[in-house]
> 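My questions all concern the structure below.
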Amino acid sequence: MNAPLLVDAHHHLWDLSVRDQDWITGPSLAPLRRTFAESDLKAEADASGVTATVLVQTVTVADETPEMLLVARDSDLVAGVVGWTDLTAPGVTDTLAALRERPGGRHLVGIRHQVQSEPDAEWLLRPDVLRGLRAVAAAGLAYDLVILPHQLPAATAAVSELPGLTFVLDHAAKPPIASGGLEPWAARLRAFADLPNTVCKLSGLLTEADPRTWMVPDLRPYTDTLLDAFGPHRLMFGSDWPVCTLAASYGRTLATAGELTDALSGTERRAVFGGTAVETYRLET
């Protein structure tokens with residue numbers, strides 16, 4: 001990717017000596033059971049020409065977000081942080097303000113919750129959650145959605161309720177690529193994309209395919225749907241590193257995204273691989 005600005009809008013870091021990542025279970029995820037530091041990411045990013053990144057939360061632990069802000073403060077690569085806070089807490093407005101005042105707080109660009117793990121498919125429509133989302137909007141932050149296909153209708157309703165908040169759909173709501181099914185994911189995704197305050201990440205698709213046998217043609221029906229639904233100016237590339245390493249190296253993940261968008265114009269590709277992320281998250285690059 002030859003571009004003056006190349007942004008990886010979605011990756012993670014964790015230190016197992018600080019905190020366990022209790023979601024890393026079973027033999028298929030065993031390669032992830034180690035510490036992944038900013039220095040590890042920087043080596044991969046530099047080799048691929050990536051100039052800025054967005055660090056995204058992994059656990060619903062309040063201490064993780066201040067830790068990530070410190071990483072961003074001390075990094076010349078991490079330009080933004082999507083953290084976590086309890087949206088249902090009465091003091092969420094004050095908590096967001098306090099995060100902004102912490103060291104590295106200017107790098108806070110968004111909030112995320114593991115909605116995919118909520119048993120209530122309409123969790124996003126709870127009054128206390130909507131109140132919290134309004135606080136996110138008032139703070140000038142984006143809201144990352146990590147959801148599954150069956151949760152798209154509730155997400156669409158929440159987006160409609162909050163036109164002043166930008167919702168960023170992580171991993172395209174995890175379509176069933178391994179099974180080859182498009183519906184009802186595609187129809188639900190299009191309804192979500194019809195709302196103007198939505199953006200989507202071209203991320204996480206390799207691990208929704210078969211991590212061992214995937215090929216680019218397996219992914220193309222899904223990325224074509226994303227491009228048609230959102231357009232390149234509402235899509236942004238994210239590696240989902242280090243999770244992507246279950247299926248491909250950092251470099252191959254980026255190259256695959258380039259191949260899947262090879263029909264776009266230069267201007268459109270610059271949006272997907274940089275411009276959309278900078279605009280959505282108001283990144284200082």
> Search all heavy atoms of Ala277 against all heavy atoms of Ala9 and return the closest pair with its distance.
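So the two residues come closest at CB-CB, 3.9 Å.
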> Just jot down the side-chain contact (heavy atoms from CB on, under 4.5 Å) partners of Asp15, sequence neighbours excluded, or say none.
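Applying side-chain contact (heavy atoms from CB on, under 4.5 Å) to Asp15 gives Ser17, Val18, Thr35.
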> Flag yes if more than 12 heavy atoms outside Arg220 fall under 6.0 Å of its CZ atom; otherwise flag no.
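Yes, enclosed.
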> Any side-chain heavy atom of Thr280 sitting closer than 4.5 Å to one from Val168?
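The answer is yes, as the side chains (C-beta and beyond) meet within the 4.5 Å cut-off.
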> Report whether Leu148 and Leu206 are members of the same hydrophobic cluster (ILVMFWY, side-chain heavy atoms less than 4.5 Å apart, transitive linking).
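No.
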> What pair of heavy atoms forms the shortest contact from Met68 to Gly83, and how long is it?
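It is CE-CA, 3.8 Å.
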> Are Leu133 and Leu125 connected in the hydrophobic side-chain network, where two residues link if heavy atoms are under 4.5 Å apart?
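No; Leu125 is not reachable from Leu133 via cluster members.
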> If two hydrophobic side chains count as joined below 4.5 Å and joins carry through other members, does Val115 share a cluster with Val136?
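As far as the 4.5 Å side-chain criterion goes, Val136 and Val115 are connected within one cluster.
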> Side chains of Thr267 and Arg270 only: does a donor on one sit below 3.5 Å from an acceptor on the other?
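Side chains of Thr267 and Arg270: pair found under 3.5 Å.
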> Between His113 and Trp123, is the gap from one ring center to the other below 6.0 Å?
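Ring centroids of His113 and Trp123 are less than 6.0 Å from each other.
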> CG/Leu141 to CZ/Arg112 distance, rounded to the nearest 0.5 angstrom?
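Separation between the atoms: 15.0 Å.
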> Would you mind reporting whether Phe192 and Leu145 have side-chain heavy atoms less than 4.5 Å apart?
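Heavy-atom side-chain distance check passes, below 4.5 Å.
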> Any donor and acceptor pair, going by atom type alone, linking the side chain of Glu279 with main-chain N or O of Thr276 inside 3.5 Å?
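Here the side-chain-to-backbone pair does not exist.
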> Please round to the nearest 0.5 Å and tell me the distance separating atom CD of Glu64 and atom NE2 of His12.
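The NE2 atom of His12 is 9.5 Å from CD of Glu64, to the nearest 0.5 Å.
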> Give a yes or no answer on whether the side chain of Arg73 reaches the backbone of Gly105 with a donor-acceptor pair at less than 3.5 Å.
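Between the backbone of Gly105 and the side chain of Arg73 there is no qualifying donor-acceptor contact (under 3.5 Å).
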> With Glu38, which of Thr53, Leu55, Val71 fulfils side chain to side chain contact (heavy atoms under 4.5 Å, CB included)?
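Filter result, single survivor: Val71.
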> Heavy atoms, side chains only, cut-off 4.5 Å: are Thr253 and Trp241 in contact?
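Side chain of Thr253 against side chain of Trp241, heavy atoms only: no contact under 4.5 Å found.
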> Which atom pair, heavy atoms only, marks the closest approach of Ala155 to Ile147?
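Between these two residues, the closest heavy atoms are CB-CD1, 3.7 Å.
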> Report the C-alpha distance between Leu32 and Leu246 in whole Å, list the side-chain angles of each, state the deciding distance to 0.1 Å, and finish with yes or no for side-chain contact (heavy atoms from CB on, under 4.5 Å).
CA-CA 8 Å; Leu32 300 179; Leu246 298 172; 3.9 Å; yes
> May I ask you to check whether His10 and Ser203 show a side-chain donor-acceptor distance below 3.5 Å?
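Judged by distance alone, the side chains do not pair up.
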> Evaluate the side-chain contact (heavy atoms from CB on, under 4.5 Å) criterion for residues Leu260 and Leu227: first the C-alpha distance (whole Å), next the side-chain angles of each, then the deciding distance (0.1 Å), finally the verdict.
CA-CA 10 Å; Leu260 289 165; Leu227 284 164; over 6 Å; no
> Does the pair Asp144/Lys201 count as a salt bridge with the N-to-O cut at 4.0 Å?
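Salt bridge present between Asp144 and Lys201.
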> Heavy-atom distance under 4.5 Å between the side chains of Arg19 and Val59, does that happen here?
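Answer yes - side chains close enough.
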> Assess whether side-chain contact (heavy atoms from CB on, under 4.5 Å) is satisfied between Trp23 and Thr25, documenting all intermediate values.
CA-CA 6 Å; Trp23 58 274; Thr25 59; over 6 Å; no
> Answer yes if Val129 and Val146 sit in the same cluster of Ile, Leu, Val, Met, Phe, Trp and Tyr residues linked by side chain heavy atoms under 4.5 Å apart, and no otherwise.
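Not linked; separate clusters.
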> Do NZ/NE/NH1/NH2 and the carboxylate oxygens of Asp120 and Arg126 come within less than 4.0 Å?
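A salt bridge is absent here (no side-chain N lies under 4.0 Å from a carboxylate O).
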> Indicate yes or no: does Arg269 engage Asp262 in a salt bridge with an N to O separation below 4.0 Å.
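So Arg269 does not pair with Asp262 through a salt bridge.
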> Identify the residue among Leu235, Val199, Leu189, Thr198 that makes a side chain to side chain contact (heavy atoms under 4.5 Å, CB included) with Leu169.
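That would be Leu189; it is the only one of Leu235, Val199, Leu189, Thr198 passing the side chain to side chain contact (heavy atoms under 4.5 Å, CB included) with Leu169.
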> Distance from Phe237 atom CZ to Thr261 atom OG1, nearest 0.5 Å?
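Atom-to-atom, Phe237:CZ and Thr261:OG1 are 10.0 Å apart.
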> Less than 4.5 Å apart, any side-chain heavy atom of Tyr281 and any of Val82?
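Yes, their side chains come closer than 4.5 Å.
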> Could you work out, with side-chain hydrogen bond (donor to acceptor under 3.5 Å, both in side chains) as the rule, every residue matching Asp20, not counting sequence neighbours?
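Counting only residues at least two positions away or on another chain, Asp20 forms a side-chain hydrogen bond (donor to acceptor under 3.5 Å, both in side chains) with Arg33.
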> Can you tell me how far the CZ atom of Phe273 sits from the CG atom of Leu202, to the nearest 0.5 Å?
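These two atoms lie 6.5 Å from each other.
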> Would you say the side chains of Gln114 and Gln57 form a donor-acceptor pair under 3.5 Å?
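Gln57 and Gln114 do have a side-chain donor-acceptor pair below 3.5 Å.
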> Do you see a donor-acceptor pair shorter than 3.5 Å between the side chains of Ser239 and Asp8?
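Distance-only check passes for Ser239 and Asp8.
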> Before giving the answer on salt bridge (charged side-chain N to carboxylate O under 4.0 Å, His left out), spell out for Arg106 and Glu284 the whole-Å C-alpha distance, their side-chain angles and the decisive distance to 0.1 Å.
CA-CA 9 Å; Arg106 67 185 180 88; Glu284 300 176 17; 2.5 Å; yes
> Would you say that Glu208 contacts Pro176 through its side chain, given a criterion of any heavy-atom pair below 4.5 Å between the two side chains?
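SC-SC contact between Glu208 and Pro176 ruled out.
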> Under the criterion side-chain contact (heavy atoms from CB on, under 4.5 Å), I'd like the reasoning laid out for His11 against Asp240: C-alpha separation, chi angles, the key distance, then a yes or no.
CA-CA 5 Å; His11 70 85; Asp240 198 27; over 6 Å; no
> Specify the closest pair of heavy atoms between Ala121 and His150, including all atoms of both residues, with the distance to one decimal.
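Looking at all heavy atoms of both residues, the closest pair is CB-CD2, 4.0 Å.
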> Between the side chain of Arg102 and the main-chain N/O of Leu69, is any donor-acceptor distance below 3.5 Å?
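No; judged by distance alone, with no hydrogens or angles, the pair does not exist.
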> Side chain to side chain contact (heavy atoms under 4.5 Å, CB included) with Thr65: which of Leu70, Thr85, Ile111, Leu99?
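Result: among Leu70, Thr85, Ile111, Leu99, Leu99 is the only option passing the side chain to side chain contact (heavy atoms under 4.5 Å, CB included) with Thr65.
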> Between Pro221 and Leu182, what is the shortest heavy-atom contact and its length?
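What the structure gives for the nearest pair is O-CD2, 4.2 Å.
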> For Ser160 and Leu195, which heavy atoms make the closest approach, and how far apart are they?
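It is N-CD1, 3.9 Å.
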> Check whether any side-chain heavy atom of Tyr250 sits under 4.5 Å from a side-chain heavy atom of Leu41, and report yes or no.
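In short, these two side chains touch, coming nearer than 4.5 Å.
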> Assess whether atom CZ of Arg34 is packed by more than 12 heavy atoms of other residues, nucleotides or ligands within 6.0 Å.
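Yes.
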> Linking I/L/V/M/F/W/Y whenever their side-chain heavy atoms sit closer than 4.5 Å, directly or via other members, would Val56 and Trp84 fall into one cluster?
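No: no chain of side-chain contacts under 4.5 Å links Val56 to Trp84.
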> Do the side chains of Leu6 and Ser48 get nearer than 4.5 Å, heavy atoms only?
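No, too far: nothing below the 4.5 Å cut-off.
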> Taking everything shown except Glu67 itself, do over 12 heavy atoms lie less than 6.0 Å from its CD?
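It does: Glu67 CD has more than 12 such atoms within range.
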> Enter the distance from Phe167:CZ to Leu124:CG here, rounded to the nearest 0.5 Å.
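Separation between the atoms: 7.5 Å.
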> Rounded to the nearest 0.5 Å, how far does CG of Leu96 lie from CD of Glu101?
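Interatomic distance, Glu101 CD to Leu96 CG, rounded to 0.5 Å: 12.0 Å.
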